[in-house]
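Here the structure comes first, spelled out in structure tokens, and everything after it is commentary.
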Amino acid sequence: MIEELKNQISIKLNNEIKNIYGVEVELKAETPKNKENGDVAIPAFPLCKALKKSPQESASLVSSILDGLNMFETISVLGGYVNATYSREVLSKSVLDSLDEPKKVDNPKTYAIDFSSPNIAKPFFVGHLRTTVIGYALSNILSYRGHKVVRINHLGDFGTQFGKLIYAFTNWGNIEEVRSNPIDTLVGLYVRFNQEAKNKPELDDEARRIFKELESGNEEYRTLWKEFKEYSLNEFNRVYKNLGVSFDVYSSEAEASRKSARVISMLREKGLLVKDDGAEIVRLKEPYPPAIVIRSDGATLYITRDLEEIFDRYDKYHFDYMLYCVGNEQKLYFTQLKEVLKLMNAPFEEGVKHVNNGLILKDGKKMATRDGSAVKLDDVLNESISLARAHIEEKNPSLENKDELAKKIGVSAIIFNDLKNYRENDYEFDIDAATRFEGQTGPYIQYTDVRIKSILNQCAYNKDNVDYKLFNTDSMYDMVKALDAFEDVIDKCISEYAPNYLAKYLLNLSTLFNSFYAKEKVLCENIIERDTKLYLLSKIKDVIEKGLNLLSMSIVDKM
RNA sequence: GACUGCGUAGCUCAGCUGGAUAGAGCAACGGCCUUCUAAGCCGUGGGUCGGGGGUUCGAAUCCCUUCGCAGUCGCCA
């Protein structure tokens with residue numbers, strides 16, 4: 001609401017100045033850095049040059065125009081700035097009333113979101129955490145705003161890696177071992193292949209040959225592949241259940257490969273494919289390297305399958321936006337993909353976005369175990385859960401369902417620790433810092449929610465008793481303004497495809513409440529005051545829980 | 001080498017579409033529980049915003065340059 005008012009003020013102000021002085025300026029109403037300076041600040045400097053007046057004089061002119069708008073309780077000039085405040089009583093009432101109205105967009109769009117998309121026959125690594133939680137949070141946020149969302153998990157179930165795996169299995173593996181401990185056994189085979197291939201590069205050729213046969217429909221290989229895929233899916237679904245993440249669609253590279261003749265003939269018809277060194281490539285404009293679409297042995301590549309897949313998705317969902325939540329490493333790849341789509345005149349090209357994310361680091365390097373292999377997400381989650389369990393034991397040992405609680409707190413802590421960081425940047429992983437119950441953590445927010453609920457559960461309130469004059473105090477008014485900012489934060493998350501703004505917002509709102517809580521008694525003698533505070537608290541609780549839900553974090557009642 | 005991104009307090013990160021004294025958490029230090037969950041709150045100390053130049057009334061923010069780190073760069077995904 002305040003955000004909207006600021007826009008209105010800017011427009012009115014600039015129009016008035018144009019009418020009165022005949023000059024075009026772009027004054028912008030801002031939120032002052034220091035809240036002592038009021039609710040709205042307008043730097044008047046742009047006027048100085050246009051009117052050849054001093055900053056103070058310019059600010060005075062602005063303040064007199066502002067005065068005519070009848071929107072503010074106080075207006076003052078400080079240096080080249082005009083500061084203004086609203087009536088706290090009036091604003092608080094309209095903010096709190098408006099919280100109940102759902103804010104859906106008038107023209108909903110369809111967003112297809114490709115996220116998580118792990119490679120099968122491998123464990124679910126921490127590296128996949130970011131795409132998974134960012135993609136899922138974004139899908140929730142978009143859907144909250146009224147957009148149509150298609151959550152897609154595009155399984156990496158094809159490619160030369162399966163040639164390697166099948167080679168390793170047929171030469172060194174046995175099916176009983178795989179069946180008794182699928183993922184570890186398959187990973188072991190894959191690792192062994194890569195080790196042996198270091199000295200025998202001809203193994204890589206062999207793997208490519210096997211993949212080519214698999215793609216061409218070799219029955220024996222296909223049976224193996226199907227079984228391996230089944231094991232992986234079981235594993236992944238367990239992880240998704242723990243994270244509270246779900247999808248609308250599972251798509252598959254293998255499926256895309258099967259249908260890829262279509263997109264290849266589209267490329268051919270448009271004359272985009274060029275023979276080069278035996279392969280067929282699409283040349284791209286400078287400075288991008290060409291995209292290899294067909295290997296010299298005729299097999300498809302990642303981009304071939306992705307191209308087929310995106311046309312298929314467009315046919316199925318008619319998306320306005322196709323978001324790929326994939327790491328920074330593939331930045332060049334996605335610009336290549338978009339360039340090819342441009343050359344193909346794909347009608348949906350503009351809506352294709354690479355929602356890139358950074359790495360999870362340990363001591364400045366990509367997170368790995370001591371022997372250099374990737375860390376399993378399961379191990380991280382389990383450690384987080386046991387740390388949470390230990391905290392509970394220390395702080396509140398008499399609680400019931402401690403194990404279940406520890407799971408909710410531990411997993412949410414890892415999710416929050418990821419989402420609070422800006423999407424595109426790498427971040428340093430520290431499990432102790434993430435699971436701490438103090439500071440900028442998931443548990444801090446959950447704890448705040450629990451504290452609020454423990455008050456609300458003690459006493460019902462009557463909304464008719466609410467006295468909006470009581471929102472005059474700084475702490476009460478600050479919370480109202482924070483509540484007002486929620487929908488703006490959601491919009492920012494959408495415009496930047498970045499859920500960290502919501503995560504930071506929840507921290508801020510929690511701190512405001514905790515600060516208030518330490519100073520003032522809620523369940524006081526005066527019923528008007530008590531019910532007013534309880535009403536505000538119930539709104540804060542609603543917003544915190546709304547936020548936790550959007551981020552796929554758990555809500556707990558006691559902790 | 002080329003392209004992209006990053007470099008802000010001891011540590012982890014915000015701020016970057018230019019605006020008032022550069023913010024938060026952790027760590028350090030000092031306070032606050034006969035009162036609604038102290039897992040909290042309040043306060044103190046701590047910064048050449050990597051270096052240099054430029055644009056501007058005004059630069060952490062924009063431009064140039066330089067150093068450091070990371071990622072990527074035709075038959076992997």
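No hydrogens, no waters, no symmetry mates; every other heavy atom, side chains included, goes into these values.
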Could you work out, with ring pair (Phe, Tyr, Trp, His ring centres under 6.0 Å) as the rule, every residue matching A:Y288, not counting sequence neighbours? none
Main-chain N/O of A:F45 paired with A:S58 side-chain donor or acceptor, under 3.5 Å: no
Is there a side-chain polar atom (N or O) of A:R295 under 4.0 Å from OP1 or OP2 of B:rC76? yes
Starting at the 5' end of nucleotides 9-15 of chain B, put B wherever the base has a protein heavy atom under 4.0 Å, S where only the sugar-phosphate does, and a dash everywhere else. ---SSSS
Taking the same atom, C1', in B:rA9 and in B:rU4, what whole-Å distance lies between them? 29 Å
Are any of A:Y517's side-chain N or O atoms less than 4.0 Å away from OP1 or OP2 of B:rC32? no
Partners of A:Y517 by ring pair (Phe, Tyr, Trp, His ring centres under 6.0 Å), sequence neighbours excluded? A:F513
For A:P46, report the nucleic acid contact type (base, sugar-phosphate, nothing); a contact means any heavy atom under 4.0 Å. base
Taking the nucleotide of RNA chain B with the closest heavy atom to each, which residue, A:F45 or A:T160, is nearer the 5' end? A:F45
Is the A:F193-A:Y167 ring centre distance short of 6.0 angstrom? yes
Indicate, with a heavy-atom threshold strictly under 4.0 Å, whether A:R305 touches base, sugar-phosphate, or nothing. sugar-phosphate
Counting the atoms with a prime plus P, OP1 and OP2 as sugar-phosphate, which does A:P290 contact under 4.0 Å by heavy atoms, base, sugar-phosphate, or nothing? base
Rounded interatomic separation in angstrom, taking CZ from A:F416 and C1' from B:rA24: 12 Å
Measure from the side chain of A:L301, starting at C-beta and using heavy atoms only, and say which of B:rA20, B:rA39, B:rC75 lies closest. B:rC75
Report which part of the nucleic acid A:K519 touches: base, sugar-phosphate, or nothing (heavy-atom distance under 4.0 Å, all strands). nothing
Atom-to-atom span, CZ of A:R436 to P of B:rA38 - whole angstrom: 20 Å
Atom NZ of A:K198 and atom C1' of B:rC76 are separated, to the nearest Å, by 16 Å
Please figure out whether A:N514 or A:N83 has its closest RNA chain B nucleotide nearer the 5' end. A:N83
Classify A:Q336 by what it touches in the nucleic acid, base, sugar-phosphate, or nothing, heavy-atom distance under 4.0 Å. nothing
Pair partner, B:rU4 [Watson-Crick or wobble, under 3.5 Å]: B:rA70
Students often get this wrong, so: under 4.0 angstrom with heavy atoms, is A:A279 touching a base, only sugar-phosphate, or nothing? base
Which of these, A:R258, A:E253, A:E215, sits in a side chain to side chain contact (heavy atoms under 4.5 Å, CB included) with A:T300? A:E215
Of B:rC73, B:rC57, B:rA39, the nucleotide closest to the side chain of A:K395 is B:rA39
Measure from CD on A:E525 to P on B:rU35 and round the result to the nearest Å. 16 Å
What orientation do A:F236 and A:F124 show, parallel under 30°, tilted 30 to 60°, or perpendicular over 60°? perpendicular
Could you check whether A:S454 gets within reach of a base, just the sugar-phosphate, or nothing at all, counting any heavy atom under 4.0 Å? base
Determine the contact category for A:N508: base if any of its heavy atoms lies under 4.0 Å from a base atom, sugar-phosphate if only primed atoms, P, OP1 or OP2 are that close, otherwise nothing. nothing
Under the 3.5 Å rule, do the base of B:rC41 and the side chain of A:S515 count as making a donor-acceptor pair? no
What orientation do A:F334 and A:Y324 show, parallel under 30°, tilted 30 to 60°, or perpendicular over 60°? tilted
May I ask you to say what A:A41 touches in the nucleic acid, namely base, sugar-phosphate or nothing, with a heavy-atom cut-off under 4.0 Å? base
Protein-nucleotide distance (A:F516, atom CZ; B:rU37, atom C1'), rounded to Å: 16 Å
In whole angstroms, the gap separating C1' of B:rG5 from CD of A:E424 amounts to 8 Å
Of the listed nucleotides (B:rC26, B:rA77, B:rU37), which one gets closest to any side-chain atom of A:R451? B:rU37
A:Y427 vs A:Y422, ring pair (Phe, Tyr, Trp, His ring centres under 6.0 Å): CA-CA, chis, key distance, verdict: CA-CA 9 Å; A:Y427 75 88; A:Y422 181 62; over 10 Å; no
Determine the contact category for A:D277: base if any of its heavy atoms lies under 4.0 Å from a base atom, sugar-phosphate if only primed atoms, P, OP1 or OP2 are that close, otherwise nothing. base
Protein-nucleotide distance (A:E215, atom CD; B:rC75, atom P), rounded to Å: 17 Å
Between atom CG in A:L337 and atom P in B:rC73, what is the gap in whole Å? 16 Å
Taking the side chain of A:I455 as heavy atoms from C-beta outward, which of B:rA77, B:rG40, B:rU37 is closest to it? B:rU37
Mind telling me whether A:F437 and A:H391 have parallel, tilted or perpendicular rings, with 30° and 60° as the class edges? tilted
